[in-house]
Amino acid sequence: MKNDEGQIIKRFRYQIAIFLSVIGPGLITANVDNDSGGILTYSQAGAKYGYLPLWTLIPITLLLIVTQEMSSRMGAVTGKGLSDLIREEFGLRTTFFLMIALVLTNFTNVIAEFAGIASSLELFHISRYISVPICAVAVWFLVVRGNYRSVEKIFLVACCLYVTYIISAFLLKPDWKEAAIYSVKPILMFDTDYITMLIAMVGTSIAPWMQFYLQSAIVEKGITAKEYVQSRIEVVVGCILTDVVAFFIIVSCATAIWAHGPKDINDAADAAVALKPFGPYAYLLFSAGLFNASFFAACILPLSTAFTVCEGLGFESGVDKRFHEAPEFYWLYTGLVGLGAAVILWPNFPLIKMILASQVLNGVLLPFVLIYMVILINKKGLMKEWTNSGIYNAVAWVSVAIMIGLTLALASITVKQLLPQAKIAPAERSTPVAQMQGVPKVQSYDSEGHPFKANIHESRVAHLIRQAIGIGKFSD
Amino acid sequence: MADEFLFLTELLGLKVYDLKGRRLGLVKDAAIVPLIHPSRVDRFLVGGGWAWLTVRYDQIRSISLDGIYLKDEQLTPYHSDEYMLRLVRDLLDQQIIDGQGRKVVRVTDVTFEINPEADGQMLSIIDIDIGLRSVLRRLAQGVVPPRLVRQVQTLIPPHSIPWEQCSIIEADPQRRLRLNVNNEILERMHPADLADIVEDLSPDDREAIFETMDSEVAADTLSEMEPDVQASILESLETEKAADIVEEMSPHEAADVLAELEEQTSEDILEEMEVEPKAEVEELLEYKENSAGGLMNTEYVALPENTTVAGAMEALRSHEEILESLNTLFLVDASDQLKAAIPLARLFTAAGATPLRELAPEMLIQVDVDEREDRITELFDKYNLLTLPVIDAEGKLAGVITADEIISLLREK
């Protein structure tokens, strides 16, 4: 009996040891997920629409868990990266065009990271002409000279800065009831800005590059199908953490900014208002958090892109190779870092707009990556007994359909607005959307007790779509 | 004379004509049968109507960019065949091992040579193409006329590997036999290079290679790998094969690997091992991983105190297998107590009759089995050591720590 217990404890210790040994990829991905794009997109969502967008977080978390879990499962079972698998199963041409799209999207993401670095330091009046070149060089050397691994842990610890949002949210005393209601109450509006925001939110939470990164990280870590169960826990915990942080960012911004009148976030100082309970330290905390997130992602993103592309196209890759051994890898990596930083230095470059736009691109590319993932993970020859279950596939395909639907809606509305006969002048286009009406009674008063104004513009396309699917008009 | 070679990208979609010049269909795939011939394209799979037809290599009059002309029309329908390596299905876009560059590469295209055969022509694989030039061909395939592609591609330097230097990767052991995959190319490599290659592969492929590899080579290769990869490989193998490999490793490395494994697995493997290596490994397993006992190995040469230089030389001559990494001799007294450590190089300048004792440096640096690892690295640094003897509680020589162990230790940090 005694022996049995000893055996169990031993067994338990072993389990913990395994768990600790597989920890890493999931949490790192989760934290890089809340990069500059993430922070600003959520801030913008909260500042402009208040608690309205909170409902998206539950489906986003679900989708995030589903996609991340699929990536890590594929990595653990096949021992190959996602671009490897796409190349092996779909051939070079498909891979090539997907990689082109990925490089373009990720390039805008890299720009966004440097924009994050620039705007976080501009809060302290450090010119971007100084901060960005220095950080670009630092990133390049850190990664190529291989000291990145040791720095990674510092980044991870610094991610605790996100806790400030949680504290801030409580100190700001938001209307928790309202926040709770909107967390589960879906509100759809066929408005360009709102749909763009939704796509950006999905795009920033479930970025295409993350699927490639996570799968490679799992492979590199040597996690096999056997240890996969522990790894799955880590991935799921990471996903939930990401969105808990997102929730508090939105709530903070909704309370600190939107409640006093919805507005666009135009610079880092706007977004830092969300941390105002910290008084004079608000800027410092926000800036430190944004800088850490941006720099962390700026290290991982170009590297992961270069790896993914070189793997898929069959070029040598790896920072342990010399330049002449892996020229394509180094050129791509250097190009992403160098050009990404250079774009920021363009005079009057709209930093915050760029960051938000990059997240939209993520959202547009995502369904395509998802389609390949779902096809791959259902191949018996590849995944053996680890293929998707029916429900899983249903969730994945529905997500793909929704994302494509959102993208098409965005595209059609944008096109419609560009056409001359659509008389929606960009200037009057739905700025005060947050004050919309018709979303039931609870919502007639905002958290400060001000009544909403009925002031919403509806594009012709939105009208048609609404009629087609039979939703009532958004006004009384 | 540009037609002496052909690329797989050009072969695919090539029109096949019968004796009267009528079009039969297009080339869809081609296959070699490695058991019969390692590089000759044995069959061309032609699609036209509902089913694919098989054209044998000896049914062809001529092959060029203009098409394939047959000299024999008795074609059979295509049936899948386990002995066939289909180039598009099994080779293109898959990973292979490049024995020359010692790395894993992905096949982008295949280069054939057009050779005369009886009264016709046949293809043999000469190169596997990787790199930008072949990427260009793949992207242009079926869109840009092949002759134009050939002209444009000369702007990019070629990047190919000779076919005979390539080893395909096949995880299914049955099919490995049928495709005549052997590990000859792999076993010729330095174990450290081979270890790098195997670490790049997926777990299934690793397992297949280790399963079929000679135990001695497997042991050398395994020794060069990261501890967690070692563990996952041994766990994936049959216990018997794993035990064979562990037996071939030095006891010290074997103990390290076994310590990484789940207890049950490592016990099972020990169970399968021969008595002698098993005892040594079990002894080493007793020590803590980050102590002198955990770092030391038991491959050393200890001689009686009164041995002369000539006697030592004689002893070494009969144990040639240890010479490669040997740099220190140890002297022990009748009760195995360590008395001196003599650098091997000193033997060369001493007369044959000199007792080894006289060549010993004044100070004997040694540590206890439970000495901490940071203290040990410090000693290595301070005294510029190559080897450090480890003694047990009774003062007996238990093993030695070598500099390469310290290097790995420091690199891990």
Side-chain angles (χ1 to χ4, degrees), chain A residues 6-7 10-11 13-15 17-18 21-22 74-81 83-97 99-100 146 149-150 219-228 309-318 320-321 325-328 331 381-384, chain B residues 9 12 88-96 98 101 103-109 128-132 134-143 157 159 169 171-172 196 199-207 225-233 235-236 260-265 411-413:
Chain A
Q7 209 51 32
K10 244 185 197 168
R11 185 86 210 156
R13 283 220 191 105
Y14 181 75
Q15 294 289 348
I18 286 207
S21 73
V22 297
M74 273 200 274
V77 176
T78 64
K80 288 176 180 169
S83 55
D84 277 322
L85 290 180
I86 292 178
R87 168 80 185 268
E88 281 175 16
E89 303 292 323
F90 300 101
L92 184 105
R93 211 174 279 174
T94 309
T95 316
F96 184 79
F97 289 112
M99 290 301 124
I100 295 271
R149 286 266 161 245
S150 41
V219 172
E220 202 192 331
K221 190 108 202 210
I223 293 168
T224 56
K226 264 193 223 154
E227 300 149 323
Y228 169 67
V309 171
C310 289
E311 256 175 30
L313 299 184
F315 302 137
E316 276 292 286
S317 57
D320 52 341
K321 304 274 187 314
E325 286 175 322
E328 294 91 352
W331 277 118
L382 219 53
M383 299 294 292
K384 289 166 237 157
Chain B
T9 40
L12 297 176
V88 175
R89 188 191 61 186
D90 303 328
L91 193 61
L92 206 60
D93 290 327
Q94 306 301 315
Q95 288 184 314
I96 55 164
D98 163 13
K103 58 191 179 222
V104 181
V105 296
R106 207 171 271 289
V107 180
T108 313
D109 202 356
I128 289 297
D129 302 330
I130 54 179
L132 267 182
S134 45
V135 168
L136 174 82
R137 280 203 301 271
R138 284 292 291 285
L139 292 177
Q141 181 189 352
V143 186
H159 195 169
I169 301 166
D172 178 1
D196 281 347
E199 279 183 353
D200 274 348
L201 299 176
S202 72
D204 287 353
D205 295 333
R206 274 180 206 160
E207 191 189 327
M225 295 180 152
E226 302 288 324
D228 52 329
V229 186
Q230 291 178 330
S232 88
I233 291 176
E235 270 169 11
S236 69
E260 282 284 324
L261 296 177
E262 201 174 337
E263 213 169 290
Q264 191 57 48
T265 324
R411 277 208 54 171
E412 273 168 36
K413 290 190 177 165

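In what follows, every heavy atom counts, from backbone to side chain, and hydrogens, waters and symmetry copies are set aside. These numbers come from a predicted model, not from an experiment. Chain identifiers are assigned alphabetically (A, B, ...) following the order of the sequence lines, protein sequences preceding nucleic acid strands; residue numbering begins at 1 within each chain.
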Residue pair Thr95(A), Arg138(B): steps toward the side chain to side chain contact (heavy atoms under 4.5 Å, CB included) verdict | CA-CA 11 Å; Thr95(A) 316; Arg138(B) 284 292 291 285; over 6 Å; no
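With sequence neighbours excluded, the residues that form a ring pair (Phe, Tyr, Trp, His ring centres under 6.0 Å) with Phe90(A) are Tyr372(A). For Arg106(B), the salt bridge (Lys or Arg N to Asp or Glu O under 4.0 Å) partners are Asp84(A), Glu88(A), not counting sequence neighbours.
Between the OG1 atom in Thr108(B) and the CZ atom in Phe315(A) there is a gap of 7.5 Å [rounded to 0.5 Å]. Going from atom CG of Leu201(B) over to atom NZ of Lys80(A) covers 8.5 Å, rounded to the nearest 0.5 Å. Put simply, CD1 on Ile130(B) and CG on Leu313(A) are 12.5 Å apart, with the number rounded to the nearest 0.5 Å.
Of the listed residues Asp93(B), Val107(B), Val104(B), the one with more heavy-atom pairs under 4.5 angstrom with chain A than any other is Asp93(B). When each of Ser202(B), Ser232(B), Ser236(B) is scored by its heavy-atom pairs under 4.5 Å with chain A, the top score falls to Ser202(B). The candidate from Val105(B), Asp205(B), Leu132(B) with the greatest count of non-hydrogen atom pairs under 4.5 Å with chain A is Leu132(B).
Heavy atoms only, all atoms of each residue included: Asp204(B) and Lys384(A) are closest at OD2-NZ, 2.8 Å. Minimum heavy-atom separation, Thr78(A) to Pro203(B): O-CD, 3.9 Å.
Val135(B) has its side chain out of reach of Glu328(A): every pair of non-hydrogen atoms, C-beta onward, lies at least 4.5 Å apart.
When heavy atoms are compared at a cutoff of 4.5 Å, Ala231(B) does not approach chain A at all. Neither the backbone nor the side chain of Val88(B) comes within contact range of chain A, judged by heavy atoms closer than 4.5 Å. Both the backbone and the side chain of Gln141(B) have a heavy atom closer than 4.5 Å to some heavy atom of chain A.
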